[in-house]
Amino acid sequence: MSETAVFDTRNIVLLGHTGSGKTTLVDALAYKMGINDRLGSVDDGTSVSDYTDEERERKTSIYCSSFNAEHNSNGSVTHIFYTDTPGYADFYGQVVAAASVSDAALIVVDAHSGIQVGSNRGWKLCEKEGKARGIVITGLDRENTDAAAALQKIQDTWGVRCVPVNLPAEDGTIIDVLGKNVPDDLAAQVEEIKGSLVELAAETDDTLIEKFLSGEELSAQEVSAGLRKAVATGGLVPVFFCAPLKDQGLEQLLDGVSRLLPSPAEVDRKDDDGKSIDAAADGPLAGLVWRSVNDPFIGQLTFVRIFGGTLKGDGETFNVTKGAKERLGACLSINGKNQDNVAAATPGQIVALAKLKHTGVNDVICAAGAEIHLASIAFPSPVTSFSVRAKSKADDDKIGTALHRLTEEDPTIRIEHNNETREMVLSGLGEVHLEVAVDKMRKRSHVEVLLDTPKVPYRETVTATGEGHYRHRKQSGGRGQYGEVYLRVEPRDPSEEEWFVNAIVGGVIPGNFMPAVQKGLVEGLQRGAVAGYPVMNMKVTVYDGSYHDVDSSEIAFKIAASRALREGMSKAKPVLLEPIMKVDVSIPDQFLGDINGDLNHKRGRILGMGSDVGLQVIQAEVPLSELFRYGAELRSITGGQGSFTMEYSRYDVVPPNLTAKIVAEAEKHKED
Ligand SMILES: Nc1nc2c(ncn2[C@@H]2O[C@H](COP(=O)(O)OP(=O)(O)OP(=O)(O)O)[C@@H](O)[C@H]2O)c(=O)[nH]1
Ligand SMILES: [Mg+2]
């Protein structure tokens, strides 16, 4: 990897639906650019990008793979970095990370299938981040493809700013719209497209538009500079056609990336204080860690994108997020699974650092004393959870470490010990995501686990006022025990902070026993009166009681308070509460009826509907207990075209018929 000027560097992410042909395109590019000496293939397991066992087994991308090589376009050399991402929804966390650290995107659309959920997701991500992008219509060699129809659909959905910069000719070759040698049958279409491109180029600059409107011809340099600007500002989305397996359109695509997509210096990246980062090799160092993997041979590999300054491979750097110095072992240029030592990395580049001790995903590296803070990558929150336990007792000790390693590498995996349900809960973006993770853990850490539906963390509360009383008295020789508590429980609004009211007057319970009373209540609140779940949103007022000069003790008052609480609760119409999630379900029109029906069946409440880049979005509130398998269910109803996000909203009352079942279940476990 030689040193390239920042202006001649490109950093591109490939986005698209699963199976749209991203990896096939990457294999063809890697071959064309001399990264691989033969054409790799996903289908026969030789892809340079899908090289892990998990990917080769499933013939689909699971992890990001980054590549870089130089491209020579008519004597001008561009160093292109590109990252292949998985299209399958369960691995979307990887996509978000790779997109965050890229300067532009190529959205890959298969000519036969057209725009699919995954491609639309990629488009929306670019819209959200204001990222410059191009579209690659690939797979032109597949049977029954209609390139013109695919383009039309793209323009209908994503707008007329999607303009082709090359076109497929009758003979299977791809011709450059702005180039020479246009075949006669395409001449009229090319003239029209050229006209739109020149107009878009002119619109980026006041002088150019004046020139254009007065009928003067723009020079080739003016058009080219205008087009670059139009792409950078989102006014133009260039569309490239290609047939990677036939080596058609690849050269034009690489030329297009070099000529049209922005360099790191043309993307205004801000730090956390809103200050623009100086994307110069001699500026202050700023790098963001976006990926961390445990390589079987090298050990920890930390992927960094450099935004400003130069990272020297042999020195020391500063992790500003952790406030720790890091000694650098090696700075590696990455091409799929291959790594090469490099002396330094400059803005726009992606490199991997070996054996870092303190640095993980979303950490920022810079020079000590010249601290820069960058916005973290906003990884999607988990939507699927399983309870997890070691298959054999012998692995009980190892499971914690093994799971922790998974979360270090994948920020969309969470592991949580739920004290309420006494379960370890593994959460991720879908069942396949977690299956792959668990499989990896089995192979790497030799820990086998069992996954199960997690228990729901129910809660309890009261819906009325209830009085409770208990006198704890024991006289069995020696010193006795005595404490008496009267209390009242009532519903408490969550906004009201204080749950405990001491209304004792005249010292009927001496002040020194009140902490014990409160302790008894806190313990009592852990196990409610309905099914033994923790109690929330309840106020307890202790208003009377009695004591004995000799026999009263802390333990006696603790017991009295806890028993009085139980009585008070059972008289205050207690109910069971369940977690309710706010869910956004995105689906194509035709599934609206089915999905609404299914949400109703799941006791969901529809809050509203909207549309978002050609998809319907249903907002609903649904009980968590109904959602553990929703990812798979939604996929099966919509043939993979639906997706959803969920977040905790609130607790709400469980309907009586279900309460009876949950109580019976809790009773059964008590007997166990
Ligand atoms: N004939 C033909 N087949 C293609 C082309 N591109 C991809 N395919 C086939 O389509 C299937 C999926 O291609 P991939 O390149 O793995 O698709 P992807 O976008 O990387 O999919 P994910 O990794 O799941 O996101 C494979 O069987 C490829 O051989 C193409 O241009 N022509
Ligand atoms: Mg792939």
Side-chain angles (χ1 to χ4, degrees), residues 12-32 36 38-67 82-99 105-123 125 134-147 150 166 168 172-174 239-253 291 335-337 429-430 432-433 435-436 635 639-641 643:
I12 312 295
V13 63
L14 273 83
L15 305 174
H17 195 75
T18 180
S20 57
K22 296 176 293 301
T23 304
T24 302
L25 174 61
V26 161
D27 271 307
L29 290 174
Y31 180 49
K32 182 124 206 119
N36 192 6
R38 65 188 186 122
L39 180 61
S41 152
V42 175
D43 302 314
D44 61 22
T46 58
S47 168
V48 286
S49 183
D50 288 0
Y51 58 83
T52 64
D53 290 346
E54 297 93 292
E55 292 172 309
R56 288 168 45 171
E57 225 169 78
R58 292 174 172 83
K59 294 200 190 321
T60 183
S61 306
I62 291 174
Y63 310 106
C64 286
S65 300
S66 297
F67 300 86
Y82 52 101
T83 300
D84 182 20
T85 63
Y88 196 70
D90 280 26
F91 309 113
Y92 191 56
Q94 305 262 331
V95 179
V96 174
L106 284 176
I107 300 177
V108 177
V109 177
D110 164 39
H112 180 67
S113 313
I115 294 178
Q116 291 168 288
V117 181
S119 30
N120 219 3
R121 205 184 294 130
W123 178 271
L125 184 64
I135 295 164
V136 183
I137 300 182
T138 187
L140 289 180
D141 64 302
R142 294 202 216 225
E143 275 178 25
N144 303 322
T145 54
D146 182 344
N166 60 23
T173 58
I174 310 260
V239 180
F240 304 90
F241 285 92
C242 74
L245 298 180
K246 303 275 179 224
D247 188 10
Q248 286 300 325
L250 297 174
E251 194 74 31
Q252 282 112 322
L253 176 61
R291 209 176 163 224
N335 270 311
K337 66 174 169 188
L429 297 183
V432 175
H433 183 208
E435 275 164 22
V436 167
R635 206 163 285 160
Q641 297 191 65
S643 66

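Remember, it's 1-based here, ligands and their atoms both numbered in the order they're listed. Heavy-atom basis, side chains included; hydrogens, waters and symmetry copies ignored.
Ile12 CD1 to Leu106 CG: the interatomic distance, rounded to the nearest 0.5 Å, is 5.5 Å. Here CG of Asp247 is found 12.0 Å from OG1 of Thr173. Values are rounded to the nearest 0.5 Å. Atoms CG and OG1, from Asp110 and Thr18 in turn, are 11.5 Å apart once rounded to the nearest 0.5 Å. Within the model, atoms OG1 of Thr52 and OH of Tyr63 stand 5.5 Å from one another, a figure rounded to the nearest 0.5 Å. Considering CD of Gln248 and CD1 of Ile174, their distance stands at 6.0 Å, rounded to 0.5 Å. We find the OG1-NZ distance between Thr23 and Lys59 to be 12.5 Å, quoted to the nearest 0.5 Å.
From the protein, the heavy atom lying nearest to atom 8 (N) of ligand 1 is Arg142 NH2, 3.3 Å. Among all protein heavy atoms, the one lying closest to atom 21 (O) of ligand 1 is Gly19 N, 2.8 Å. From the protein, the heavy atom lying nearest to atom 17 (O) of ligand 1 is Gly21 N, 3.1 Å. Nearest to atom 29 (O) of ligand 1 among the protein's heavy atoms is Asp43 OD2, 2.5 Å. Ranking the protein heavy atoms by distance from atom 1 (N) of ligand 1 puts Asp141 OD2, 3.0 Å first. The closest protein non-hydrogen atom to atom 20 (O) of ligand 1 is Thr23 OG1, 2.8 Å. Nearest protein neighbour of atom 31 (O) of ligand 1, counting heavy atoms only, is Gly139 CA, 3.0 Å.
Considering every non-hydrogen atom in both Phe241 and Asn166, the closest pair reads N-OD1, 2.7 Å.
Residues Asp90 and Arg635 are in side-chain contact: their nearest non-hydrogen atoms beyond the backbone lie under 4.5 Å apart.
In this structure, a donor-acceptor pair under 3.5 Å is present between the side chains of Ser66 and Thr83.
Below 4.0 Å from some heavy atom of Thr60 lie the following atoms of ligand 1, by number and element: 22 (P), 23 (O), 24 (O). Interface atoms of ligand 1 facing Gly87, defined by a heavy-atom separation under 4.0 Å, are 22 (P), 25 (O). With ligand atoms numbered from 1 in the order given, ligand 1 contributes 25 (O) to contacts under 4.0 Å with heavy atoms of Pro86.
Between the side chain of Asp27 and the backbone N or O of Val48, at least one donor-acceptor pair lies under 3.5 Å. Side chain of Arg291 to backbone of Cys64: a donor-acceptor contact under 3.5 angstrom is found. Put simply, the side chain of Lys22 gets close to the backbone of His17: a donor and an acceptor are under 3.5 Å apart. Between the side chain of Glu55 and the main chain of Ile62, a donor-acceptor pair closer than 3.5 Å is present. Remark: side-chain polar atoms of Ser119 are not paired, donor with acceptor, to backbone N or O of Gly16 under 3.5 angstrom.
The closest approach between a heavy atom of His17 and any atom of ligand 1 is below 4.0 Å. At least one heavy atom of Pro244 sits closer than 4.0 Å to an atom of ligand 1. Judged by the shortest distance from any of its heavy atoms, Ser20 lies inside the 4.0 Å radius around the atoms of ligand 1.
Inclusion of Thr85 in the first shell of the Mg ion (ligand 2) is not supported: no N, O or S atom falls under 2.8 Å. Here Thr60 does not reach the Mg ion (ligand 2): none of its N/O/S atoms is less than 2.8 Å from the metal.
The shortest N or O to N or O distance between Lys22 and ligand 1 is below 3.5 Å. Considering backbone and side-chain atoms together, Lys59 places no N or O closer than 3.5 Å to any N or O of ligand 1. Residue Gly16 places no N or O, backbone or side chain, under 3.5 Å from any N or O of ligand 1. The shortest N or O to N or O distance between Ala243 and ligand 1 is not below 3.5 Å. Note: no N/O pair closer than 3.5 Å links Thr85 and ligand 1 by distance alone. Residue Asp50 has no nitrogen or oxygen atom sitting less than 3.5 Å from a nitrogen or oxygen atom of ligand 1, judged on distance alone.
Taking the Mg ion (ligand 2) as the corner point, the angle from Thr23 atom OG1 to Ser61 atom OG is about 90° (rounded to 10 degrees).
With a heavy-atom cut-off of 4.0 Å, Val42 touches ligand 1 through its side chain alone. Residue contacts with ligand 1 for Thr18 involve both N, CA, C or O and side-chain atoms from C-beta outward (heavy atoms, distance under 4.0 Å). The backbone and the side chain of Thr24 each have at least one atom closer than 4.0 Å to an atom of ligand 1 (non-hydrogen atoms only).
The aromatic rings of Phe67 and Tyr82 lie parallel to each other, their planes meeting at an angle below 30°, with 60° marking the opposite boundary.
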